[in-house]
Amino acid sequence: MGLILCENLRTKNSFHIEVLSLNIYSFEELCYIIYENPILVTEGIVSDAMVDFIENELNKNTLAESIKRKRTNGVDDADILVYIIDSCDLYNNAESILFRNAVAKIKKMSVWEVGKQRADYMFYIGRYGTAKRYYLEILDMDKKSDNNFVGSIYHNLGVTYANLFLYEEAYDAFKKSYELTNDEVTLMELYFLKRIFDSEGKKKKTGEINDSCKADLMEEAKKAFDMALSGIKDSDRLKYIEHIFQIENREEKRKLINEYIAKLKSDYRNMK
């Protein structure tokens, strides 16, 4: 992790980047966000609000006027972002070329591929709610994609649902993925879900998995699940919770419990 040296300029109003739920206050921050997240910001960040922020909050009138002209002339948003990076002192010529190449690669992708890249990235940074929305948008598109691609969308949607503790929805997404790809890894993940939320009323799901699984695959899945469960029992998080409840001082115990609950709430809010 490094530090970004910003101009000594106080802005009255921030610029809100909705896709990242982030407020920024400097030109250096704007450039950094653009450079580090090209798959997210190549659509939607170039706006009247951004130009207003550059012109009226950052006092970069020349840059703002240039962006206005480019937008009036129909210049692509992605190319405007390249222009902003070229205008920024944060990056040298080699780094600017790398960003230009990344944007060019994105422009060659289909709309479904770009959507998947964005969804995958949101999942990677733990924004599961946004990732779910992106995956569902891809599935709603009128697309001509092969089964493996659509199956990968359903698979990643299933993983996203599981991280949101929506196990029924996760099961259905994994099931659709398996029907499209016939991937045994997905079948094992279905088995894991069955073990996690198995109860009365889920017997049909158990039967579906047993009918599809080969005996050796079922045994492998069982071993993998038991190993994962053992790892959870030995996890640092669980040991910390046990440590809290072993503390005799009631005030200290209550303080640590409240701090831990607050962290869980914060983590959950950041999933959206």
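Bear in mind the structure is a predicted one, so any value in this text is a computation, not a measurement.
Taking all atoms of both residues into account, the shortest heavy-atom contact from G115 to Y134 is O-CB, 4.4 Å. For the residue pair A170 and G158, the shortest heavy atom distance occurs at CB-O, 3.4 Å. In terms of heavy-atom proximity, G151 sits nearest to S177 at O-OG, 2.8 Å.
Taking CD of E28 as the reference point, atom CG of L58 lies at 8.5 Å (rounded to 0.5 Å). Note: E113 CD to K105 NZ = 10.0 Å, rounded to the nearest 0.5 Å. Separation of atoms CG (L180) and CG (N148) is listed at 8.5 Å; rounding is to 0.5 Å. The structure places CG of D48 at 9.0 Å from NZ of K68, a figure rounded to the nearest 0.5 Å. Between the CD1 atom in I125 and the CG atom in D120 there is a gap of 12.0 Å [rounded to 0.5 Å]. For the atom pair CZ of F149 and CH2 of W112, the computed distance is 8.5 Å after rounding to the nearest 0.5 Å.
Grouping the Ile, Leu, Val, Met, Phe, Trp and Tyr side chains by contacts below 4.5 angstrom, directly or via other members, places L22 with I85. Linking Ile, Leu, Val, Met, Phe, Trp and Tyr residues whenever their side-chain heavy atoms come within less than 4.5 Å places V111 and L139 in a single cluster. Linking ILVMFWY side-chain heavy atoms closer than 4.5 Å, directly or via other members, places I39 and I97 in two distinct hydrophobic clusters. Follow the hydrophobic side-chain contacts under 4.5 Å out from L136 and you reach F174 in the same cluster.
Side-chain contact between E57 and F15 is absent, with no heavy-atom pair separated by less than 4.5 Å. Side-chain contact between L30 and I45 is present, with heavy atoms from C-beta onward closer than 4.5 Å. A 4.5 Å side-chain heavy-atom check between D79 and Y83 finds every atom pair outside the cut-off. H155 is not listed as a side-chain neighbour of D183, based on a closest heavy-atom distance of 4.5 Å or more. By the 4.5 Å heavy-atom criterion applied to side chains, N147 and T181 are not counted as neighbours. Two residues are said to be in side-chain contact when any heavy atoms from C-beta on lie closer than 4.5 Å; I106 and P38 meet this criterion. Here the side chains of V82 and D86 are in contact, with some heavy-atom distance below 4.5 Å. Residues C31 and I84 are in side-chain contact: their nearest non-hydrogen atoms beyond the backbone lie under 4.5 Å apart.
Using a 4.0 Å cut-off between charged side-chain N and carboxylate O, K176 and E179 make no salt bridge. Ion pair D76/K70 not flagged as a salt bridge, since none of the NZ, NE, NH1 or NH2 atoms sits closer than 4.0 Å to an Asp/Glu carboxylate oxygen. Salt bridge status for E169 with K132: absent, with no side-chain N to carboxylate O gap under 4.0 Å. Between D77 and R71 there is no salt bridge, since no side-chain N of the basic residue sits under 4.0 Å from a carboxylate O of the acidic one.
At least one donor-acceptor pair closer than 3.5 Å links the side chain of E29 to the backbone N or O of S26. N182 places no side-chain N or O within 3.5 Å of a backbone atom of Y178 that could act as its donor or acceptor partner.
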Checklist line | Verdict with reasoning, I67 to M50, per side-chain contact (heavy atoms from CB on, under 4.5 Å) | finding: CA-CA 10 Å; I67 294 173; M50 187 196 75; 4.2 Å; yes
Item checked: Residues N13, Y25; criterion side-chain contact (heavy atoms from CB on, under 4.5 Å); working and verdict -> CA-CA 7 Å; N13 302 297; Y25 298 85; over 6 Å; no
Next item on the list: Report the C-alpha distance between Y128 and F123 in whole Å, list the side-chain angles of each, state the deciding distance to 0.1 Å, and finish with yes or no for ring pair (Phe, Tyr, Trp, His ring centres under 6.0 Å).
Entry: CA-CA 5 Å; Y128 303 125; F123 177 87; 5.1 Å; yes
Next item on the list: Carefully, step by step, assess T186 and Y154 under the rule side-chain contact (heavy atoms from CB on, under 4.5 Å).
Entry: CA-CA 10 Å; T186 303; Y154 274 114; over 6 Å; no
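Atom CG of N92 has more than 12 neighbouring heavy atoms from other residues, nucleotides or ligands inside a 6.0 Å radius. Sparse packing is recorded around CD of E18, with 12 or fewer heavy atoms of other residues, nucleotides or ligands lying under 6.0 Å away.
Taking the six-membered ring for Trp and the full ring otherwise, Y167 and Y161 have centroids separated by 6.0 Å or more. Aromatic pair Y91/Y35: ring centres closer than 6.0 Å.
A donor-acceptor contact closer than 3.5 angstrom links the side chains of Y121 and N37. For the residue pair E65/T62, the side-chain donor-acceptor check at 3.5 Å is not satisfied. In the model, S21 has a side-chain atom that pairs as donor or acceptor with a side-chain atom of R127 under 3.5 Å.
Seen from the ring of Y135, K116 does not count as a face-on cation partner, given the 6.0 Å and 45° thresholds.
Taking the side-chain hydrogen bond (donor to acceptor under 3.5 Å, both in side chains) definition, one finds that N23 meets it with H16, sequence neighbours left out.
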